[in-house]
Every structure is written in C-alpha cells, then in structure tokens.
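Contents: one structure, followed by commentary.
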Amino acid sequence: MKIKNFFDRIYVVNLPERTDRRKTIALELEKAGLPLTPNQIEIFPAIRPDSAGEFPNIGARGCFLSHLAILKQAKKDGLSNILIVEDDLVISNLFKQQEESLVEQLQQTDWGFVYFGHSLQSGKKGTVGQPTSKLQQAKLQPFTGSFQTTHFYGVNGTILDRLIEFLEAVQQRPEGHPDGGPMHVDGAYNHFRSQNPDVLTLLAFPNLGTQENSRSDITPSWRDRAPVVRNLMGVARVGKVWLHSHAIKQA
C-alpha cells in the first residue's frame, strides 16, 4: 500500500502569503508521488495571529494554532489517521523507495505518533538520501526521548481526543507551567508524550525528511528582518537549497 492510500488525509501547512514555499513543496510532493489532490493531499492555510500572547513569538503561536486546527479538523471529519507536513520539507529518496515497507510496519503496530522526519535534541540526526544498496531498510523504531520539529509526522486518530484536550490546556496555562504552558508545538508534543507513556511514538531511522534552509516565519533571524539583507540571504539560500537537494537526489 502507498502512503497516500494509508493516511486518510495529508495536510500541508503553508502561510497563504508564502507562495514561494507553496510552489516548492508542491514540486517536492509530486516528485515523491504525493501530488496535491483535493480531500486527500491538500494545503492547510496556516494561521498568523495578531500577537504572540505568552508564546515565544507570533510564529510559534501561529504554528501551534495551525497544527491544533488540523487535529480538530481531522477529529471533526472522523479521520482514522493523518499525515502533516510543513512547506519547507525535503523528502529523502528512501521514503519513496520504501514507502510500502513503511506502511506495512505501521499496519503491524498500535502507534500514536510516527515521525518520518525529525531532529533529535541530542544533536544527532538521521542520514537523508543514502543509496538503498548501501543502507539497511528504513525502520520505524519506538522512541521515548525528546526531539524537535514537526515537519513530517503522522497522528493516529485514536489519540486525537487526548491530544487536542492537552493542547487546549497548554494554551490556558501560564508560561513555564510544570504540566506545559505556551510553547512551540514540538515541545508541547514532547510534554504530551511524557505524560501519556502508553502512546507509542515511532521514529524513522534513517531520517526520511529534512527542512529546507529557507526564511523562517517562526524564528526569523536579524538577517530576515532587514529588507536588503533578507533579499541577499534569499538568493544565497536558493543556491544552498539547490546544492542540498541535488546531493540528496544524486545519493
């Protein structure tokens, strides 16, 4: 079975004004055999709030609200599972080559989360784009530690109620609350997982998706806030992204 047939819906998180990222991710998905398709693989208009509230910044709050809104929509539609990708995703060739094996592994496990792309907080990252002939089959392995990013992950419908309730509570608590207050959504997921140890989280090894080095709307640097420098940095990033993607595809 293909990934697009296993997940009831695939959501692509994209700010409406980031047409550059929309074009890039549409091409990336098409190359991976996941072309945008209404009611199956579709763009979710990301939320940009007016203020940060108690979140680290406006972008972090917007990302949190966007992922929460997707979970609520999935629950409303009665979906059994969903895959969420962010618009700066770069997909490994291994994902396409081994997607049927990945689906088989999911079908044999009572999973709650599955992360095809991730960044371990220890700083150790999986290798992306290695040739299959030089690498063992991609495995989905249980993981209980902390990690960062939410650019390429799936959620099982069996945990939607608990997860939504938890994220709603996170918004209402003060910053720094021991049970989890306003924070980046990946941090909130780590808190949820630690408080719900029965929820099985699977991580793909090697890592099957990285993030494109483009301007971030969540944690913009001083370079991105300066108009002239931002334009120059954009040109530099395009070149870096091309080289990175070319290296992945050639692997």
Side-chain angles (χ1 to χ4, degrees), residues 4 7-32 34-77 79 82-91 116-117 148-155 160 163-164 167-168 170-171 182-186 188-189 209-238 240-242 245:
K4 66 181 181 181
F7 287 98
D8 283 356
R9 194 162 301 156
I10 300 175
Y11 293 97
V12 183
V13 185
N14 169 255
L15 279 167
E17 61 265 32
R18 291 303 301 269
T19 56
D20 58 328
R21 283 193 172 184
R22 179 178 178 131
K23 292 177 182 178
T24 301
I25 191 60
L27 180 60
E28 188 71 17
L29 290 170
E30 187 171 346
K31 290 179 179 178
L34 300 169
L36 293 175
T37 307
N39 298 318
Q40 184 180 27
I41 306 172
E42 57 187 29
I43 298 291
F44 181 87
I47 298 170
R48 182 185 286 279
D50 295 331
S51 67
E54 293 195 50
F55 283 82
N57 52 56
I58 289 178
R61 186 183 183 192
C63 184
F64 185 100
L65 294 175
S66 298
H67 284 254
L68 176 56
I70 287 174
L71 299 176
K72 288 181 175 179
Q73 185 63 53
K75 176 183 176 181
K76 178 181 177 182
D77 293 346
L79 305 182
I82 58 173
L83 181 65
I84 300 174
V85 307
E86 294 179 346
D87 59 8
D88 57 354
L89 173 66
V90 177
I91 302 173
F116 296 112
Q148 298 171 312
T149 68
T150 51
H151 60 284
F152 196 15
Y153 74 103
V155 180
L160 281 176
L163 183 57
I164 291 170
L167 295 179
E168 291 280 20
V170 164
Q171 295 186 88
M183 66 180 79
H184 290 277
V185 68
D186 53 353
Y189 283 171
T210 59
Q211 288 180 285
E212 179 185 67
N213 188 27
S214 63
R215 176 171 61 86
S216 172
D217 292 284
I218 298 177
T219 56
S221 68
W222 66 268
R223 298 178 182 85
D224 289 323
R225 291 192 291 267
V228 175
V229 179
R230 180 173 65 240
N231 291 337
L232 292 175
M233 290 299 295
V235 173
R237 282 173 176 141
V238 169
K240 185 174 181 179
V241 169
W242 182 88
S245 300

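These figures come from a predicted structure and were not determined experimentally.
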| query | Can you check side chain to side chain contact (heavy atoms under 4.5 Å, CB included) on Ile82 and Gln73, steps first, answer last? | reply | CA-CA 10 Å; Ile82 58 173; Gln73 185 63 53; over 6 Å; no

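- Side-chain atoms of Asp88 and Gln211 form a donor-acceptor pair, as typed in the model, at a separation below 3.5 Å.
- Here NZ of Lys72 is found 9.0 Å from CG of Leu167. Values are rounded to the nearest 0.5 Å.
- Summarising the geometry, atom CZ belonging to Arg21 is positioned 8.5 Å from atom CG belonging to Asn14; distances are rounded to the nearest 0.5 Å.
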Please list, one pair per line, the donor and acceptor atoms closer than 3.5 Å that link side chains of residues 58-68 to other protein atoms, with sequence neighbours excluded.
residue: Arg61; atom: NH1; partner: Ser51; partner atom: O; Å: 2.9
residue: Arg61; atom: NH1; partner: Ser51; partner atom: OG; Å: 3.3
residue: Ser66; atom: OG; partner: Ile47; partner atom: N; Å: 2.8
residue: Ser66; atom: OG; partner: Gly62; partner atom: O; Å: 2.7
residue: His67; atom: ND1; partner: Tyr153; partner atom: OH; Å: 2.8
residue: His67; atom: NE2; partner: Glu86; partner atom: OE2; Å: 2.9

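- The side-chain contact (heavy atoms from CB on, under 4.5 Å) test with Val155 is passed by exactly one of Leu79, Leu71, Ile70: Leu71.
- Of all non-hydrogen atoms in Asp77 and Tyr11, the two that sit nearest each other are OD2-OH, 4.4 Å.
- Contact of the Tyr189 side chain with the Leu163 side chain is registered, since non-hydrogen atoms from C-beta on lie closer than 4.5 Å.
- Counting heavy atoms from C-beta on, the side chains of Lys4 and Thr37 never come closer than 4.5 Å.
- Here the rule is side-chain contact (heavy atoms from CB on, under 4.5 Å) with Ile25, and of Asp87, Asp20, Ile91 only Asp87 fits it.
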| field | Stepwise side chain to side chain contact (heavy atoms under 4.5 Å, CB included) test for Leu15 and Arg48 | value | CA-CA 8 Å; Leu15 279 167; Arg48 182 185 286 279; 3.3 Å; yes

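- When all heavy atoms of Pro56 and Pro182 are compared, the closest pair comes out as CD-O, 4.5 Å.
- Asp8 meets the salt bridge (charged side-chain N to carboxylate O under 4.0 Å, His left out) test with no other residue; sequence neighbours excluded.
- Between Leu29 and Leu36, some side-chain heavy-atom pair lies under the 4.5 Å cut-off.
- Under the 4.5 Å side-chain criterion, counting only non-hydrogen atoms from C-beta, Thr210 is not in contact with Phe152.
- Other residues, nucleotides and ligands contribute more than 12 heavy atoms inside 6.0 Å of the CD atom of Gln40.
- When side chains are defined from C-beta on, Glu212 does not count as touching His151, because their heavy atoms never get closer than 4.5 Å.
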| said: Between Val13 and Ile84, is the side chain to side chain contact (heavy atoms under 4.5 Å, CB included) condition met? List the steps. | reply: CA-CA 7 Å; Val13 185; Ile84 300 174; 3.9 Å; yes

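- Asp186 places a side-chain N or O within donor-acceptor distance of the main-chain N or O of Thr149, the cut-off being under 3.5 Å.
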